[in-house]
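For reference, the structure discussed in these notes is given below.
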Amino acid sequence: MSNQRQDNTLFGLSEPEIVEAVKTAGFDLARFRAKQIYQALYAKRVHSFNEMTSLPKQLREELDDVFPIPRLKIILESVSADGTIKYLFELADGRSIESVLIPSEMRDNEGESKRKTLCLSTQVGCPLDCKFCATASMKLKRNLTTAEIVAQFFEVERASGEKITNVVYMGMGEPMLNYENVITSLKIFTDPSLEILGNKRFTVSTSGLPDEIIRFAKEGLGVKLALSLHATTDELRSKLMPINRRYNLSEVLSAMEEYYRQTHIPVTYEYILFQGLNDTAADAKRLAKITRRMPSKVNVIPFHPIDFTHPADLGAELHPTDEKEFQEFIEMLRSEGAQVMIRSSSGVDIEAACGQLALSNEPHTHEITLS
Ligand code: SAH
């Protein structure tokens, strides 16, 4: 898929791209002006060049004419009982995406953390058809532009008034299938000169595309990588995640190993527990063995039931593992030496939890506040 880009804006461009675009549009600007524009867009988060008082007035007006700064329109804001906020954005072409701001995403043995984690979308829909994921029902509509990825951060920051502390690329879509735009967005977010957030605060989650994972390892971004594992055998993983028929566990885990070799950043495995499918003692043993291959941790995730699983493909309906068995599974993993985190079900009541983002299945009858 081609990288769509709104061609009349500088927002979403890297610094060298801004230099280029400004020159192409016929502006004869000194190099430091491009740097000022880059800083204004992403560090100061201006909405128009008119706010850039460091620029001569006439230049500001010309830039605003030629390069309008687009905004994402918030059309719905849903607040969960646990403080999770889901934002529904309307894009310039009328399509919509969701981003979720989650207070303290993780619970660990030491108790609650003070994080505000933003869950970003990278595609409108997703082509991968994972059987447990609501976004799959939308199929892929298109990739998001870099501008649309970056703008989710700034718009949520502004609308919520919160200081975002962590960002996970775990909303709608498969980040590795929108590779270039995801990389450019990460380069902007983690550029130390912009002072947005440190690179360790970013996690990209993938269903497991080995070539892209290896390429990602070489980007030198210093961000964390998470693999949606969800099964420890190819037989089950292929049923849950059809992408596993193309790239099996052994190929995907080798690619994760390469990520660790290149970056020395421990990897994360995400593992949703499905009653009777992947939650046995044998699964816990195999999962722990996988985690011992390299420094890593496992996020065990309660399954958030969605309306439309595909029992025909699986031979069974998907159900969440009971609380008691869930805890037993965690204990087994820990006793096998795995480092385990439990993903909370933040936002479940507003269908903002992992894998619940699917616009075609709106409307739901939860409470909404129009912004
Ligand atoms: N495509 C990427 C990122 C989006 S999914 C990926 O596959 O990792 C983000 C996380 O939500 C993944 O770990 C995914 O497996 C999980 N998820 C999807 N549907 C879910 C559901 N119904 N309940 C709980 N977690 C789910």
Side-chain angles (χ1 to χ4, degrees), residues 82 102 104-113 115 117 130-133 168 170 203 205-208 224-241 243-244 247-257 259-260 265-306 309 311 314-346 348 353-356:
D82 62 29
I102 310 158
S104 315
E105 190 200 27
M106 302 291 185
R107 285 183 285 130
D108 60 16
N109 296 343
E110 280 97 55
E112 295 248 343
S113 62
R115 297 190 207 170
T117 301
C130 298
K131 301 304 171 193
F132 45 81
C133 180
V168 292
M170 291 187 192
T203 302
S205 178
T206 178
S207 57
K224 293 185 193 163
L225 183 63
L227 172 71
S228 290
L229 185 63
H230 307 321
T232 54
T233 64
D234 278 316
E235 195 196 348
L236 179 61
R237 195 164 189 270
S238 293
K239 285 183 187 161
L240 291 168
M241 305 174 70
I243 187 71
N244 194 71
Y247 307 109
N248 65 23
L249 272 174
S250 150
E251 293 169 86
V252 173
L253 292 174
S254 298
M256 293 303 282
E257 216 153 36
Y259 193 81
Y260 179 73
I265 302 170
V267 301
T268 302
Y269 298 110
E270 294 161 280
Y271 197 87
I272 305 173
L273 279 186
F274 301 107
Q275 183 85 56
L277 269 185
N278 66 353
D279 60 355
T280 65
D283 289 300
K285 268 201 156 48
R286 283 191 296 262
L287 179 53
K289 192 169 169 209
I290 288 173
T291 69
R292 289 194 297 263
R293 283 173 65 144
M294 68 196 112
S296 65
K297 66 174 185 186
V298 188
N299 280 344
V300 181
I301 310 173
F303 172 49
H304 305 128
I306 52 174
T309 52
L314 272 166
E317 278 282 1
L318 294 172
H319 297 288
T321 296
D322 292 342
E323 180 63 24
K324 183 169 163 284
E325 285 157 5
F326 192 101
Q327 288 307 328
E328 283 167 7
F329 191 84
I330 303 289
E331 288 317 312
M332 282 189 279
L333 277 180
R334 288 196 169 134
S335 71
E336 294 274 338
Q339 202 201 322
V340 186
M341 304 282 286
I342 303 165
R343 174 86 58 78
S344 72
S345 297
S346 313
V348 154
C354 282
Q356 289 190 311

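Hydrogens, waters and symmetry mates play no part in the numbers below; they use all other heavy atoms, side chains included. From a predicted model like this one, the values you see are computed outputs, not experimental measurements.
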Which heavy-atom pair separates [X] from [Y] by the least distance, and what is that distance?
X	Y	answer
Asn278	Phe329	O-CE1, 3.7 Å
Ala288	Leu333	N-CD2, 3.9 Å
Met256	Thr268	CE-O, 4.3 Å
Ala226	Met170	CB-CE, 4.4 Å
Lys131	Leu318	O-CD1, 3.8 Å
Lys224	Ile265	CG-CG2, 4.0 Å

4.5 Å side-chain heavy-atom contact, [X] and [Y]:
X	Y	answer
Thr232	Ile290	yes
Phe326	Ile342	yes
Thr291	Gln339	no
Arg293	Ser254	yes

Next on the checklist: Does Arg237 form a salt bridge (charged side-chain N to carboxylate O under 4.0 Å, His left out) with Asp234? I'd like the steps, not just the answer.
Outcome noted: CA-CA 5 Å; Arg237 195 164 189 270; Asp234 278 316; over 6 Å; no

Checklist entry - Do Phe132 and Phe303 have ring centres separated by under 6.0 Å? => result no

What distance separates [X] [atom1] from [Y] [atom2], expressed to the nearest 0.5 Å?
X	Y	atom1	atom2	value
Ile301	Thr321	CD1	OG1	12.5 Å
Ser228	Asn299	OG	CG	10.0 Å
Glu331	Glu325	CD	CD	14.0 Å
Ile272	Leu277	CD1	CG	11.5 Å
Ile330	Met341	CD1	CE	11.0 Å
Leu227	Glu270	CG	CD	7.5 Å

Checklist entry - Which residues satisfy the side-chain contact (heavy atoms from CB on, under 4.5 Å) test with Ser207, sequence neighbours excluded? => result Leu128, Glu174, Met241, Ile243

Is [X] reaching over with its side chain to a backbone N or O of [Y], donor-acceptor style, under 3.5 angstrom?
X	Y	value
Arg286	Thr233	no
Ser296	Met294	yes
Glu336	Lys289	no
Asp322	Lys324	no

Checklist outcome for this item: Hits for salt bridge (charged side-chain N to carboxylate O under 4.0 Å, His left out) against Glu235, two or more places apart or cross-chain, chain-then-number order -> Lys239

Checklist entry - Do Leu236 and Asn244 pass the side chain to side chain contact (heavy atoms under 4.5 Å, CB included) test, and can you show the C-alpha distance, the side-chain angles, and the key distance before you say yes or no? => result CA-CA 9 Å; Leu236 179 61; Asn244 194 71; over 6 Å; no

Checklist entry - Stepwise, does the side chain to side chain contact (heavy atoms under 4.5 Å, CB included) test hold for Leu253 with Tyr269? => result CA-CA 10 Å; Leu253 292 174; Tyr269 298 110; 3.8 Å; yes

